[in-house]
Amino acid sequence: MVGSVPLRPGAVRQALVDRLERSLGKSLAQATRRDIYDALSLAVREELAERWIATCNRVEKARVKRVCYLSMEFLLGRSLVNALSSFDNGLIDEVRDTLRTLGHELEQVAAEEEDPGLGNGGLGRLAACFLDSLATLGYAATGYGIRYDYGIFTQVIDPEGAQREVASSWLAQHNFWERGYGGVRYRVRFGGRCQSMRDQDGRIRHEWVETQDVWAVGYDLLIPGNRSPTVNHLRLWSGRGIIPFRIEAFNAGNYAGAVSEQIDAKNLSRVLYPDDSTPQGKELRFKQQYFFVSASLQDLLTQHLADRRPLKELPHAIAIQLNDTHPAMTIVELMHLLVDIHGVEWADAWQITREVCSYTNHTLLPEALETWPVSLFERLLPRHLQIIYQINRDFLEEVSSRYPQDLERRRRMSLINEDGDRRVRMAYLSVIGSHRINGVAKLHSRLMQETIFADFAQMWPERFTNVTNGIAVRRWLKQANPGLAALLTEKLGSAWENDLEDLERLKWAVDDVEFQQRFRAIKLANKQRLADTIERLLDVRVNPEALFDVQVKRIHEYKRQLLNLLYVVVRYLRILDDPAANLVPRVVIIAGKAAPGYHMAKSIIKLINNVAHTINNDARIADKLKLCFLPDYDVSLAQEIMPAADLSQQISTAGMEASGTGNMKLSLNGALTIGTLDGANIEICEAVGRDNIFIFGMTEQEVVARRAQGYSPVRVMQANSELKRALEKIDSGYFTPGNISDSRVVTDRLLSDGEHFMVLADFDAYAAAQEEVDALFAQPQEWTRKSVLNALSMGPFSSDRSITEYANNIWSIKPVL
Ligand code: 26V
């Protein structure tokens, strides 16, 4: 058979026709947009596969240490443009031109791809940015996760303004970006019981027997590095029954029973759990965690042994990163595999485990800290419970010898919470089993050591560290904002793509009038595109010259979308008071999903939509104010919003947002930040300078002090007549004439004594900062100067910098290149 035409410069059209005809059986004349997408994807995938094989060979030969990033979530976004733009031969331009001659735009062809939403928010997107950086920097790295059939739900807004969740399968159409043919599979066991016996040497051996087993089948997604020969992979596990079909049951007329085992197994990877306000106690999620951890560890041990390396060398071959506590069972499963299956001594196994593993914490919110009932372990992972008890005994002995007679400390630090139903504390397990524990921004890492892990940080201060989050420059600038990317490359060459600090060299341009004009024109074109999207989605026309004020993130009380909304209502009432006043016109854009079980978050969405409906249909307001809630926020929509924003709202209650990464994406695209001193905002402020950011509100320490005093929102409201009027307007049902209680649940919460997120407490400061925003926006040249400065100062927030820190300080790995 003749080989296929490779996708190389000069041969794009032939390569396309070749895939269309020979793989899809279509002529160019018959080809739909979807066919073009399919053909192009096939051709691109072949290029990646070649580079992937070469990478595997290099890694094997060089015997470099590999990092395994274990995460329940990866929010990759679409693959086609990401892959095309990673080639350093200018191929993407020829593809764009060729598609045009065929009557197609690349962006529209690319939009044929379902955005695989295999994550909830920041934690999942961070994992994707990290995979991008690992490949770009030439590190040998494998991501491990779950191949959910259904990722995060599709958010639909019903006519009343409420969120409805619709199941969304990213696999409805054939997915060319994954390879999985059952070649890689491992047995994962559940249930059963433990028995112990002595072997010939008189050692006690533990056996786990009479288990119910499933297959974990691996599917690989290729992860290209930008302008790099490295292509890594993300291995996602899917559940399959060991006996897919019971013919005896079928023959006896029991049709459901014939396939029940297969269905149970497939359910393991059926659906992503939405980040819930009360995550505890979901048995299926517990099983998902063990399922993907066990398969991943079996996979990496199999490879290690296939390389003929002894197990005691594991810490030189592999680094495992735990993305939050979701894969915390890694620590127990690795002990189980080393001790029970491979016969390693307990003490040696423990040393190996701790040297291999490290753990990233992503939240201090107490309700998000995972614990699992001991009873669940007893029933589903009895051997693992024994191992946890043994780890805990050894650990508490260490505590006792360090702090004799301190029984209270032992109780506090135990892996088992003995209050109420006994539960295993997964965060403590992660800390005890790791050689490094990091937070995701300086403030968060400090608070982590002072609060939830204080006892542990006191015992092992050297294990705690910070790695501030970062973002993949490729997706968030090169692909999302091609206009700005082209301008930067024209001035600097393309080195910034893989070295964001290089943007510093352009700092002279902040005062250059011609550069400012071009920067502003690019922003305006991006805003025009988003305005078109807004009209398509909401049937609302917005003025692209207005200030685009953006808050996009999961809906949560701590992120304080309500602070934003209150100020929108204040502005609305001001315009009604004085329709002739000369105000800066604004388009306030909010997007984000609420956890289906988080009722307050859903009420917030509904109220936003109802306020939006009122304002946007009030002829007196015209272009002065628009409020737009964009449904179904995902990576693809984010790529449209980021480049079009003027203002970035990062207004969480200080101390509560671990880092934030949207703050970095927006600033990189030239938005100015209005924000609290929280998470990475603090470091962004240091990078751009205090004069180029709108900082307001209580510090973390002031939040703590105010709470201790006893916070009374009613008193705050009484002191500000505009705030009072806005709250009364909402409370009166003005925005929700059909149902007054839709508004009341929200106002009641805001005014409830000691309201935990202290929304009203920051209102005055917030409104004052917003007034400064207006004043600056009225001076376009000054605004643009600061906007340029923001974009050019984002060097430290590249995920390449984060990954370099992990590589040097936590994993001790070197690039393969
Ligand atoms: C919790 C749960 C509970 C059970 C159901 C599924 C689920 C999924 C996720 C979570 C916790 C998510 C924590 C998280 O996303 N943290 C965010 O991490 C970002 C990356 O470090 C950081 O920028 C954000 O500030 C932080 O909120």
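For ligands, and for the atoms within them, numbers begin at 1 and follow the listed sequence. The first residue of the sequence shown is numbered 1, and numbering continues consecutively from there.
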Report yes if some heavy atom in the side chain of His444 is under 4.5 Å from a heavy atom in the side chain of Ser659; otherwise report no. no

Any sub-3.5 Å donor-acceptor pair from Asn232's side-chain atoms to Ile223's backbone N or O? no

Ion pair check, Arg801 and Glu805, cut-off under 4.0 Å: yes

Do any N/O atoms on Asn120 end up under 3.5 angstrom from N/O atoms on ligand 1? no

Partners meeting side chain to side chain donor-acceptor pair (under 3.5 Å) with Thr330 (sequence neighbours left out): none

So, are Arg474 and Asp800 salt-bridged, with charged N and O less than 4.0 Å apart? yes

Identify, by atom number and element, the atoms of ligand 1 in contact range of Glu657, meaning under 4.0 Å from any of its heavy atoms. 24 (C), 25 (O), 26 (C), 27 (O)

Considering distance alone, does some N or O of Asn469 sit under 3.5 Å from an N or O of ligand 1? yes

Relative to the heavy atoms of Glu73, which atoms of ligand 1 are at a distance of less than 4.0 Å? 8 (C), 9 (C)

Mode of Ser659 contact toward ligand 1 - side chain, backbone, both, neither (heavy atoms, under 4.0 Å): both

For Tyr558, the ligand 1 atoms whose distance to one of its heavy atoms is below 4.0 Å: 27 (O)

Just which atoms of ligand 1 are under 4.0 Å from any heavy atom in Tyr273? 6 (C)

Below a 4.0 angstrom heavy-atom separation, can you tell me which part of Ala680, side chain or backbone, both or neither, approaches ligand 1? neither

Does a salt bridge link Arg560 with Glu657, judged by any charged N lying under 4.0 Å from a carboxylate O? no

May I ask whether Arg554 places a heavy atom under 4.0 Å from ligand 1? no

Atom indices of ligand 1, in the order listed, that fall short of 4.0 Å to a heavy atom of Ala658: 25 (O)

Please state which part of Val440 comes within less than 4.0 Å of ligand 1, counting heavy atoms only: side chain, backbone, both or neither. side chain

Can you tell me if Tyr598 uses its side chain to pair, donor with acceptor, with the backbone of Glu557 under 3.5 Å? yes

Please could you name the atoms of ligand 1 that Gly660 approaches to less than 4.0 Å, counting only its heavy atoms? 22 (C), 23 (O), 24 (C), 25 (O)

Location of contacts on Met72 toward ligand 1, heavy atoms closer than 4.0 Å: neither

Measuring centre to centre across the rings, with the benzene-like ring taken for any Trp, is Phe291 within less than 6.0 Å of Phe190? no

Non-hydrogen atoms of His444 versus ligand 1: any pair closer than 4.0 Å? no

Location of contacts on Glu370 toward ligand 1, heavy atoms closer than 4.0 Å: neither

Between Glu370 and Arg285 (salt bridge meaning N to carboxylate O under 4.0 Å), is one present in this structure? yes

Taking 4.0 angstrom as the limit, do Arg749 and Glu755 come out as a salt bridge? no

Using a plain distance cutoff, I'd like to know if His362 has any nitrogen or oxygen under 3.5 Å from a nitrogen or oxygen of ligand 1. yes

So is Ala441 touching ligand 1 or not, going by heavy atoms under 4.0 Å? no

Would you tabulate the side-chain donor-acceptor contacts of residues 119-126 under 3.5 Å, counting partners in other chains and residues two or more places apart, or write 'none'?
| residue | atom | partner | partner atom | Å |
| --- | --- | --- | --- | --- |
| Asn120 | OD1 | Asp275 | N | 2.8 |
| Asn120 | OD1 | Arg554 | NH1 | 2.8 |
| Asn120 | ND2 | Glu73 | OE2 | 2.9 |
| Asn120 | ND2 | Tyr273 | O | 3.1 |
| Arg125 | NH1 | Leu75 | O | 2.9 |
| Arg125 | NH1 | Leu76 | O | 3.1 |

What are the atoms of ligand 1, with element, lying closer than 4.0 Å to any heavy atom of Gly122? 19 (C), 20 (C)

